[in-house]
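Both backbone and side-chain heavy atoms feed into the values below; hydrogens, waters and symmetry mates do not.
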Amino acid sequence: MNGIHDMGGMQGFGPIDREENEPLWHAPWEPRMFAVGSALGAWGRWPIDASRGQIESMGAEAYLRSGYYAKRLPATIANAIRHGLITAREAETGQPDPAAPKATPPLTADMVDGAMKRGSPTARATERQAAFQIGDAVRTRNLNPETHTRLPRYARDKPGVIVLLHGAHVFPDTNALLQGENPQPLYTVKFRARDLWGEAANPRDTVCIDLWEDYLEPAR
Amino acid sequence: MSSHHPHGHDHDHDHDHDHSDVPSDLALRVKTLESLLVDKGLVDPAALDTIIEYYEHKVGPRNGARVVARAWSDPAYKTRLLTDATAAIAELGYSGRQGEHMVAVENTAATHNLVVCTLCSCYPLPVLGLPPAWYKSAPYRSRAVIEPRAVLHEFGLDLPEDVEVRVWDSTAEIRYLVLPERPSGTDAMTEEQLAALVTRDSMIGTAVVSAP
């Protein structure tokens with residue numbers, strides 16, 4: 001989706017504002033939101049790709065207005081409704097449907113440490129052979145899906161070189177839509193800054209981007 | 001702190017906190033959602049507290065600093081880190097969420113690495129903890145790829161023209177840790193002393209590690 005979230009190369013946002021001795025949280029609700037999102041994830045009803053996809057579809061104005069943790073609130077509610085954990089009416093009233101049975105949380109306090117330390121690896125064993133090897137010249141495809149993708153706009157239809165192979169990883173474009181993990185080779189592709197941004201860029205500078213095989217074609 | 005934009009914490013500047021939404025409204029909405037989920041048995045309130053505690057106390061840039069100091073002190077460890085960072089970092093006990101697949105990138109006299117996530121705010125949580133607001137901000141995400149040298153200048157770092165600035169845009173579930181150059185004059189230092197020199201920003205690539 002060509003949304004506001006795809007910020008690489010945009011101009012006009014101004015200087016980078018840093019806060020001295022920045023606290024971990026800026027409001028008491030931020031850790032609560034972060035933890036709620038993490039704990040709901042343990043239900044395994046939707047992957048991180050769907051969470052990102054939901055945040056991306058919140059609209060440009062809301063996206064820019066909301067901070068990192070605030071963006072998660074509507075996205076978490078939307079996914080919890082869509083994937084059957086809560087109803088829209090419950091979300092609106094904040095009251096559980098009295099007819100619904102009480103669930104048992106899949107993640108209890110004693111499980112947290114282990115769950116965080118395991119994480120959710122996205123590497124998958126697959127039969128699919130990598131089409132490219134380190135050193136191969138490739139070109140990114142000119143793709144403009146209206147749904148979630150991880151091929152940034154600034155790197156579409158650009159020449160690059162494969163510099164790292166990561167094996168097969170879950171493909172976010174299909175996984176975000178719960179259309180399957182579609183694991184496929186993931187590469188790091190190195191681009192010359194000049195190929196991305198033109199002659200004003202330093203001739204030595206480069207940008208490395210992690211890209212799945214479906215985003216790539218052999219160099220022309 | 002940038003010398004270009006000094007300010008306190010008391011105005012709603014362009015941090016990544018929520019400048020336009022009414023904070024009390026957000027607080028209420030989050031509380032409402034949390035109560036609903038707890039009442040429905042979907043989340044365990046004690047688990048929420050434990051998750052918060054985990055991110056407040058068990059992960060943070062001190063973890064990454066220990067990885068860097070070990071790599072500076074132990075050439076065999078450095079080789080393992082640069083070959084299979086996930087396994088090498090796990091040797092020190094750090095692993096998991098948003099660090100499932102790690103790659104360490106080494107700064108040298110010829111190459112300076114800088115990490116960003118232009119599409120969201122991906123960050124290697126097990127080694128660096130939760131990201132600072134500037135890392136998640138639109139200015140950093142938009143500019144790091146198109147004008148990394150201007151970004152580094154704002155952080156007080158001006159690199160020679162003949163050094164390659166290599167930006168890593170974290171678009172997949174690979175998370176990058178910059179291995180900064182060991183400063184000169186630190187030969188006699190212990191691993192613990194070295195770790196104390198390593199800053200968060202030096203492991204993102206917006207700073208270098210200075211000699212003590």
Side-chain angles (χ1 to χ4, degrees), chain A residues 5-10 13-20 22 24 26-27 29 31-33 35-36 38-40 52 65-68 70 73 77 85-86 90 94 96 102-105 107-109 112 116-119 121-123 150 152 154 166 169 186 197 202 204-210, chain B residues 1-2 4-5 13-18 20-21 23 26-27 29-30 32-37 39-44 46-48 50-52 54 56 95-97 100-101 118-121 130 132-134 136-142 145-146 154 164-169 171-174:
Chain A
H5 68 283
D6 187 355
M7 291 182 162
M10 286 183 74
F13 285 120
I16 296 157
D17 194 4
R18 284 179 287 151
E19 184 178 351
E20 201 171 3
E22 182 182 333
L24 203 53
H26 291 87
W29 60 266
R32 305 312 297 181
M33 186 62 237
V36 161
S38 307
L40 268 192
R52 292 188 183 126
R65 194 174 58 234
S66 311
Y68 182 68
L73 176 64
I77 293 171
L85 290 180
I86 62 174
E90 286 174 327
K102 186 159 174 164
T104 305
L107 183 76
T108 50
V112 166
M116 295 302 131
K117 287 206 159 128
R118 270 190 310 279
T122 54
R150 298 291 283 184
Y154 75 86
H166 300 290
H169 279 251
L186 176 69
W197 313 113
N202 183 299
R204 285 175 192 79
D205 292 354
T206 56
V207 180
C208 292
I209 313 179
D210 297 327
Chain B
M1 175 76 199
S2 160
H4 306 268
H5 314 287
H13 221 290
D14 188 26
H15 290 312
D16 195 64
H17 29 109
D18 299 281
S20 301
D21 278 334
L26 266 166
R29 285 158 61 205
V30 171
T32 302
L33 176 64
E34 180 183 335
S35 316
L36 173 67
L37 297 174
D39 290 348
K40 284 181 69 66
L42 292 168
V43 303
D44 169 16
L48 300 181
T50 311
I51 291 167
I52 293 166
Y54 186 88
E56 286 180 347
S95 66
R97 188 178 180 206
E100 292 94 340
H101 308 287
T118 62
L119 294 173
C120 40
S121 307
L130 292 167
W134 61 259
K136 304 177 279 186
S137 71
Y140 184 71
R141 287 167 51 195
S142 60
V145 286
I146 187 171
E154 280 186 25
E164 173 191 345
V165 176
R166 191 179 292 169
V167 181
W168 299 81
D169 190 355
T171 48
E173 299 305 324
I174 313 297

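- Looking at heavy atoms from C-beta onward, S137(B) lies out of side-chain contact with M7(A) at the 4.5 angstrom threshold.
- With a 4.5 Å cut-off on side-chain heavy atoms, R166(B) and C208(A) count as touching.
- Atom CG of D6(A) and atom SG of C120(B) lie 10.5 Å apart (nearest 0.5 Å).
- Interface remark: L85(A) contributes backbone and side-chain atoms alike to the contact with chain B (heavy atom separation under 4.5 Å).
- For chain B, the option among P105(A), G94(A), A39(A) with the highest count of heavy-atom pairs below 4.5 Å is P105(A).
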In sequence, state the C-alpha distance, the side-chain angles, and the governing distance for I209(A) and V145(B), and then conclude on side-chain contact (heavy atoms from CB on, under 4.5 Å).
CA-CA 10 Å; I209(A) 313 179; V145(B) 286; over 6 Å; no
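- For the pair L107(A) and D44(B), the minimum side-chain heavy-atom distance is 4.5 Å or more.
- Looking at Y54(B), only its side chain comes within 4.5 Å of chain A, counting heavy atoms on both sides.
- Minimum heavy-atom separation, R118(A) to E100(B): O-CG, 4.1 Å.
- With a 4.5 Å cut-off on non-hydrogen atoms, A123(A) touches chain B through its backbone and its side chain both.
- For the atom pair E34(B) CD and M33(A) CE, the distance stands at 9.5 Å (nearest 0.5 Å).
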Start with the C-alpha distance between Y154(A) and I146(B), add both sets of side-chain angles, then the distance that settles side-chain contact (heavy atoms from CB on, under 4.5 Å), and finish with yes or no.
CA-CA 9 Å; Y154(A) 75 86; I146(B) 187 171; over 6 Å; no
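- Contact of the D17(A) side chain with the P139(B) side chain is not registered, since no non-hydrogen atoms from C-beta on lie closer than 4.5 Å.
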Would H169(A) and I174(B) count as a side-chain contact (heavy atoms from CB on, under 4.5 Å) if you check the C-alpha gap in whole Å, the side-chain angles of each, and the deciding distance to 0.1 Å?
CA-CA 10 Å; H169(A) 279 251; I174(B) 313 297; 4.0 Å; yes
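- Rounded to the nearest 0.5 angstrom, R29(B) CZ and L73(A) CG are separated by 5.0 Å.
- Most heavy-atom pairs under 4.5 Å with chain A: of the set T118(B), L119(B), D169(B), V30(B), this distinction falls to L119(B).
- With a threshold of 4.5 angstrom between heavy atoms, L37(B) approaches chain A through side-chain atoms but not through N, CA, C or O.
- For R141(B), the side chain to side chain donor-acceptor pair (under 3.5 Å) test picks out Y63(A), with sequence neighbours left out.
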Give the C-alpha distance, both sets of side-chain angles, the deciding distance and a yes or no for side-chain contact (heavy atoms from CB on, under 4.5 Å) between L33(B) and V36(A).
CA-CA 9 Å; L33(B) 176 64; V36(A) 161; 4.1 Å; yes
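- Side-chain contact between H166(A) and H101(B): absent, with no pair of heavy atoms (C-beta onward) separated by less than 4.5 Å.
- Heavy atoms closer than 4.5 Å to chain A are found nowhere in S35(B), neither backbone nor side chain.
- Heavy atoms of N202(A) lying under 4.5 Å from chain B belong exclusively to its side chain.
- Remark: the T206(A) side chain and the E164(B) side chain contain an N/O donor-acceptor pair separated by less than 3.5 Å.
- Using a 4.5 Å cut-off between heavy atoms, T104(A) contacts chain B through its backbone alone, with no side-chain atom that close.
- Looking only at distances, no side-chain donor or acceptor of R97(B) sits under 3.5 Å from a matching main-chain atom of M116(A).
- The contact between L24(A) and chain B is made entirely by side chain atoms (from C-beta outward), counting heavy-atom distances below 4.5 Å.
- The side chain to side chain contact (heavy atoms under 4.5 Å, CB included) test applied to I52(B) returns W25(A), P31(A), R32(A), A35(A), E56(B), not counting sequence neighbours.
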